[in-house]
Protein chains: 2
Amino acid sequence: MTDSTTPGKRARLVAAAADLLHRQGVQATTIAQVADAATVPTGNVYYYFKTKDDLIRAVIDDRTRQVRAMLDSLRARRSPAARLTALANQWTEMRELVARYGCPFGTLVTELDRRDDGLDVEAAQPIGIILDWAETQFRDMGRTDARELAVAFFAGIQGAALLANALRDPAVMAGQVRHLTRWIATLS
Amino acid sequence: MTDSTTPGKRARLVAAAADLLHRQGVQATTIAQVADAATVPTGNVYYYFKTKDDLIRAVIDDRTRQVRAMLDSLRARRSPAARLTALANQWTEMRELVARYGCPFGTLVTELDRRDDGLDVEAAQPIGIILDWAETQFRDMGRTDARELAVAFFAGIQGAALLANALRDPAVMAGQVRHLTRWIATLS
DNA sequence: GTCTATATTACGATAGAC
DNA sequence: GTCTATCGTAATATAGAC
């Protein structure tokens, strides 16, 4: 920490907020609920975050870091196809959460992109990062239509997350990841 | 109308609400805004809808009717593949709206499915109807894996809507519909 | 049936004691 | 740096005149 505030509290607030924003939605989540979940007095939240939007921004930044870490952890895999498949499997692992509350990255975009302050752009960052990364993988597979394939791939994941959520059925997510995996195998 | 209330007002309120819920989101839209857009006094809304949730329910029912009408209008097409392609093209036509505010059906699901009252189930109906319809089309094409293909198809549409929205780029939606169209052509 | 005025409540944010 | 008490505002919903 750069200042002398209690190290744990800020992090606890961000973690609690991330969880609640995902499970309840941005607008439905109150500062009081976040404070309560993090065992911090309500008013004290404003010592760490000037406004609710500031707290939301911190959650988005946290999600963006998660995505970068996720992609970094895939670098060890031998082939681009293996990396893409491994990424898709992340959503299979999250399938119960996805079926109940939607994709943590996707729902954030949908909830925030109708604003015209900076938050809409920031919320879209995880999506943009993954899309660019997937494009690189397809390009490394020698495909000239890498961007189109990257969109088809990640749209397949995000769309399946929405359908799994609508139907409250984790199997929809898992089935689609299997479908995408087989599709990628036919490309290489 | 079954009762003797002014026929235009209720319909105007639902239309104004549908538009605002899509463009601003459910929680961000107030009764006063809807009333204002429909040129109806704020308090008078409660004569037509007992609660805000009642108004939202009316909007969802309207969207469900839109979907049924859309699917009905596709029955004239000669082949299942032509029907599926024509459906996908609806999103290409909506691409500007989709890039700015998301898919009108998809965003409604994402915003409402975290609730446990009845609204979450109702909001998912348009999705379920389209998915079942798509499954029928693939089955009519002689495919035994019709459900899997229906999920892949509609997830491709909904996911692309989310990506187009995140990137604020209508071309993403149009490009993915072209991609899906070519994919369907390879199946028949 | 239609509309105005207002009650009620809930939340974001602040002031100020410790 | 921490916490309590509270202010101000905005939105849902209602009461009641016309």
Side-chain angles (χ1 to χ4, degrees), chain A residues 1-60 111-112 114-120 123, chain B residues 1-60 111-112 114-120 123:
Chain A
M1 293 260 121
T2 54
D3 54 26
S4 58
T5 61
T6 306
K9 282 194 182 171
R10 204 196 128 95
R12 247 156 54 215
L13 283 168
V14 173
D19 181 53
L20 286 169
L21 293 191
H22 181 215
R23 280 178 20 226
Q24 303 191 330
V26 175
Q27 307 251 19
T29 299
T30 69
I31 294 278
Q33 289 174 329
V34 173
D36 206 45
T39 12
V40 169
T42 307
N44 198 5
V45 173
Y46 289 91
Y47 175 77
Y48 297 96
F49 304 96
K50 224 171 56 200
T51 63
K52 184 183 176 181
D53 278 8
D54 253 39
L55 175 56
I56 295 171
R57 202 184 319 276
V59 170
I60 296 173
E111 281 199 279
L112 294 174
R114 293 156 172 131
R115 310 173 56 150
D116 54 351
D117 51 13
L119 278 186
D120 53 336
Chain B
M1 290 261 118
T2 53
D3 55 27
S4 58
T5 62
T6 306
K9 282 193 182 171
R10 203 196 129 95
R12 248 157 52 216
L13 283 168
V14 173
D19 181 52
L20 285 169
L21 292 191
H22 181 216
R23 280 174 25 222
Q24 303 190 331
V26 175
Q27 307 252 21
T29 299
T30 68
I31 294 279
Q33 289 176 329
V34 173
D36 205 45
T39 13
V40 168
T42 307
N44 198 5
V45 173
Y46 290 91
Y47 175 74
Y48 298 96
F49 304 97
K50 226 170 56 197
T51 64
K52 185 184 176 182
D53 278 8
D54 253 39
L55 174 57
I56 295 172
R57 201 183 320 275
V59 170
I60 296 173
E111 282 199 278
L112 294 174
R114 293 178 260 226
R115 310 172 57 148
D116 54 350
D117 51 13
L119 278 185
D120 54 336

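Here is how names work: the chains are called A, B, and so on, in the same order as the sequence lines, proteins then strands, and each is numbered from 1. Quick caveat: nothing in here was measured; it's all calculated off a predicted structure.
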Exercise. Measuring from B:Arg12:CZ to B:Tyr48:OH, what's the distance to the nearest 0.5 Å?
Worked result: 8.0 Å

Exercise. Is it true that B:Asp117 and B:Arg57 make a salt bridge, defined as a side-chain N closer than 4.0 Å to a carboxylate O?
Worked result: no

Exercise. Which nucleotide in the set D:dA13, C:dA13, C:dT2 lies at the smallest distance from any side-chain heavy atom of A:Thr51?
Worked result: C:dA13

Exercise. Taking atom C1' of C:dA10 as reference, at what distance in whole Å does atom NZ of A:Lys52 sit?
Worked result: 12 Å

Exercise. What heavy-atom pair brings B:Val14 and B:Phe49 nearest, and what distance separates the two atoms?
Worked result: CG2-CZ, 3.7 Å

Exercise. For B:Tyr46 and D:dA13, is the shortest distance between a side-chain N/O and OP1 or OP2 below 4.0 Å?
Worked result: yes

Exercise. Counting distance only, does the side-chain N/O of B:Lys52 pair as donor-acceptor with the main-chain N or O of B:Thr29 below 3.5 Å?
Worked result: yes

Seminar exercise, completed: Scanning both residues in full, the closest heavy-atom pair of A:Gln33 with A:Ala28 reads OE1-O, 3.6 Å

Exercise. Roughly how many Å is it from CZ in A:Phe49 to C1' in C:dC11, rounded to a whole number?
Worked result: 18 Å

For this session: Check every atom of C:dA13, D:dT2, C:dC3 against the side chain of A:Lys9 and return the nucleotide holding the closest atom.
Result: D:dT2

For this session: Would you please confirm or rule out a distance under 4.0 Å between OP1 or OP2 of D:dG1 and any side-chain N or O of A:Tyr48?
Result: no

Problem set entry | N or O in side chain of A:Tyr47 less than 4.0 angstrom from D:dG1 OP1/OP2 | yes

Exercise. Hey, is the main chain of A:His22 close enough, under 3.5 Å, to the side chain of B:Arg114 for a donor-acceptor pair?
Worked result: yes

For this session: Could you tell me the separation between the CZ atom of A:Arg12 and the P atom of D:dT2, rounded to a whole number of Å?
Result: 10 Å

Problem set entry | Distance in angstrom units between B:Leu20 CG and D:dA11 P, rounded | 13 Å

Exercise. Near DNA chain C, which residues from residues 28-45 of chain B have a heavy atom under 4.0 Å away?
Worked result: B:Pro41, B:Gly43, B:Asn44

